[in-house]
Amino acid sequence: MLRSFVSATLILLAAFWHYGYASRILGVFPTPSISHQIVFRALTLALRERGHQLVVVTPDPVNDPMLTNYTEIDLHFLYADTDGGENWIETLAKERWTDIQDAYLSTVLTQTELILDHPELKKLYAPNNGQKFNLMMIEMLYYPALLPLATRFDVPVVGITSLGLSLSIHYAIGNPIIPSHSSNWDTEEMIFGEATFWQRLKNFIWVWKFLYKYRTRYMPAQQALARKYFGNDIPDISDIEKNVSVVFVNQQTPISYLRPNIPKVIDIGGFHIAREIKPLPKDLQKILDDSTQGFIYMSLGSNIKSVMLSDEVRREFIAAFSELPYTVIWKFEDDFLANKPENVIIMKWTPQQSILAHPNLKVFIYQGGLQSTEEAVSHGIPVIGLPVFTDQHVHANKMVSLGVGKKLNIHSVNRHDILEAIRTVVLDTSYKRRMMDLRNLLKDKPYDSLKNAIWWTEHVIRHKGAPHLQSTTVDEPWYQRQDMDIVFVISTGFLITSSLAIIAFYRMVNHIRAMIQPISQKVKIN
Ligand SMILES: *[C@@H]1O[C@H](CO)[C@@H](O)[C@H](O)[C@H]1NC(C)=O
Ligand SMILES: *[C@@H]1O[C@H](CO)[C@@H](O)[C@H](O)[C@H]1NC(C)=O
């Protein structure tokens with residue numbers, strides 16, 4: 001009797017437990033870039049495994065009919081709308097970052113409207129359609145007009161980024177703004193190591209000007225879009241943004257430039273690293289196994305392509321590779337590479353993680369992307385970075401500062417520099433040793449970052465938000481956050497007092513002189 005009562009209670013409890021657990025989560029991840037999406041996807045798939053139901057809005061759907069409780073709204077059309085064909089290497093060589101960023105923001109504004117106008121999404125957020133959620137998870141970059149989706153469903157928001165936070169998000173959530181810090185990936189002048197006073201002054205002006213422009217022009221434009229699609233009585237999008245419960249930031253301490261963060265910023269990272277390495281295609285496996293001298297792997301990632309290299313730089317790489325005793329696997333997105341040396345193998349697509357796992361690999365030549373950096377470190381492979389834009393510079397520099405890689409200039413590199421960099425990294429075994437130490441450091445942590453992210457997500461669901469993680473800095477005006485008003489008042493006060501003192505002193509000297517003058521004149525006469 002007692003036993004059956006206990007078991008009935010247990011079953012009931014388990015049912016409640018499960019009921020309390022299974023939440024409906026809306027994921028909104030708009031950026032058309034697979035390197036962003038694989039991070040979000042790893043988390044949403046893991047949340048589904050936990051028993052939650054997901055509706056995911058993404059330009060890169062998994063499209064797997066076997067995935068139950070996982071509905072996707074396909075935004076793949078955004079790829080056609082962005083600069084998929086843009087030669088970033090060429091653009092970055094001629095244009096200023098400020099102009100590129102302005103152009104990017106205007107593209108994103110157009111995209112935001114296309115997303116809000118997407119028929120399937122519109123159906124989802126139409127009023128009184130019975131759709132219910134417990135949480136919204138959203139990519140926090142430049143799409144704040146999508147935030148009122150949370151208002152529509154009356155749910156707390158978890159933010160996520162696949163790279164370090166942008167300046168606009170740091171500001172929005174009340175995080176300190178440190179204009180000349182090496183962790184910034186979106187400043188005109190990037191600083192790695194110590195900055196001079198002039199660099200800091202330049203960055204200070206640039207950063208606050210950018211934030212001013214963003215807050216007074218870009219946010220209102222996004223707000224107008226939000227009103228158009230969600231109605232006029234939605235709250236200010238910057239108020240929804242500042243109330244975001246937690247923000248997952250893709251950065252792992254040992255491989256990042258560290259900065260102060262408010263508690264709602266939670267580090268994630270390494271999500272996409274394969275737990276099991278897939279076997280290589282047979283022919284490639286044989287080539288790599290046969291490269292007993294070692295091999296080199298070069299890939300510039302998915303946004304930057306090797307075919308974008310200028311003819312001169314491409315020639316320099318070919319010349320350098322032809323002098324090496326190693327096989328070179330080059331992700332080169334064309335069928336043909338003129339003057340390709342014997343030891344170079346070009347492939348349009350490469351199983352990157354499986355290649356990085358091969359024991360004969362000596363060095364990974366890449367663009368400095370975060371996901372590739374994480375993969376290189378997790379397989380203990382030293383790197384040579386050729387950064388092109390955004391956070392690629394940050395990671396390439398961090399790898400150099402840790403002594404696990406070298407950096408080259410993608411616009412002007414010559415065969416001599418390439419050979420020297422490869423020989424140094426391969427022959428000086430300290431690069432490999434430090435990379436293995438870094439790999440061990442990265443693995444040695446108290447919890448798995450994916451499980452940690454799930455815990456925080458469910459924490460926000462359980463408590464229907466996380467105002468206890470909110471910093472009051474978020475409600476302070478810009479000048480108050482960094483005590484600029486106080487510095488201004490003190491320095492103005494100091495300036496006024498010292499000017500008054502100088503004037504008084506000058507007057508006094510004059511006065512005394514006037515008193516002395518007649519006497520000295522008298523003395524002269526005598
Ligand atoms: C889908 O979600 C429902 C409700 O949370 C749950 O009962 C069911 O087991 C889930 N199905 C699968 C295959 O995960
Ligand atoms: C933000 O959070 C505060 C405090 O929890 C609340 O009073 C306010 O209504 C929230 N604003 C929005 C737009 O959600």
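Every number for a ligand or one of its atoms is a count from 1 in the order of the listing. Heavy-atom basis, side chains included; hydrogens, waters and symmetry copies ignored. Quantities reported herein were computed from a predicted structural model and do not represent experimental measurements.
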Note to self: So for ligand 2, is N243 a polar contact partner (N or O within less than 3.5 Å, distance only)?
What the structure shows: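 By distance alone, the answer is yes.
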
Next item on the list: Measure from atom 13 (C) of ligand 2 to every heavy atom in D154, D239, T151, I234 and give the option owning the shortest one.
Entry: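 Shortest heavy-atom distance from atom 13 (C) of ligand 2: D239.
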
Check: Is atom 2 (O) of ligand 2 less than 4.0 angstrom from at least one protein heavy atom?
Finding: yes

Margin query: Determine whether any protein heavy atom is located less than 4.0 Å from atom 7 (O) of ligand 2.
Written below: no

Margin query: Quick test: of every protein heavy atom, which one is nearest to atom 5 (O) of ligand 2, and how far off is it to 0.1 Å?
Written below: P467 CB, 4.4 Å

Notebook entry, point to check: Does K398 count as lying over the ring of Y257, i.e. NZ or CZ under 6.0 Å from the six-ring centre, within 45 degrees of the axis?
Noted result: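 Output yes; distance and angle both within limits.
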
Next item on the list: For this output row, return yes or no: ring centroids of H379 and F364 closer than 6.0 angstrom.
Entry: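 Ring centres of F364 and H379 not closer than 6.0 Å.
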
Notebook entry, point to check: Taking the six-membered ring where the residue is Trp, are the ring centres of W88 and F389 under 6.0 Å apart?
Noted result: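 When the ring centroids of W88 and F389 are compared, they turn out to be within the sub-6.0 Å range.
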
Item checked: Ring geometry between W206 and F210 (parallel below 30°, tilted from 30 to 60°, perpendicular above 60°) ->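 Geometry flag for W206 against F210: parallel rings.
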
Item checked: Ring geometry between F133 and F153 (parallel below 30°, tilted from 30 to 60°, perpendicular above 60°) -> perpendicular

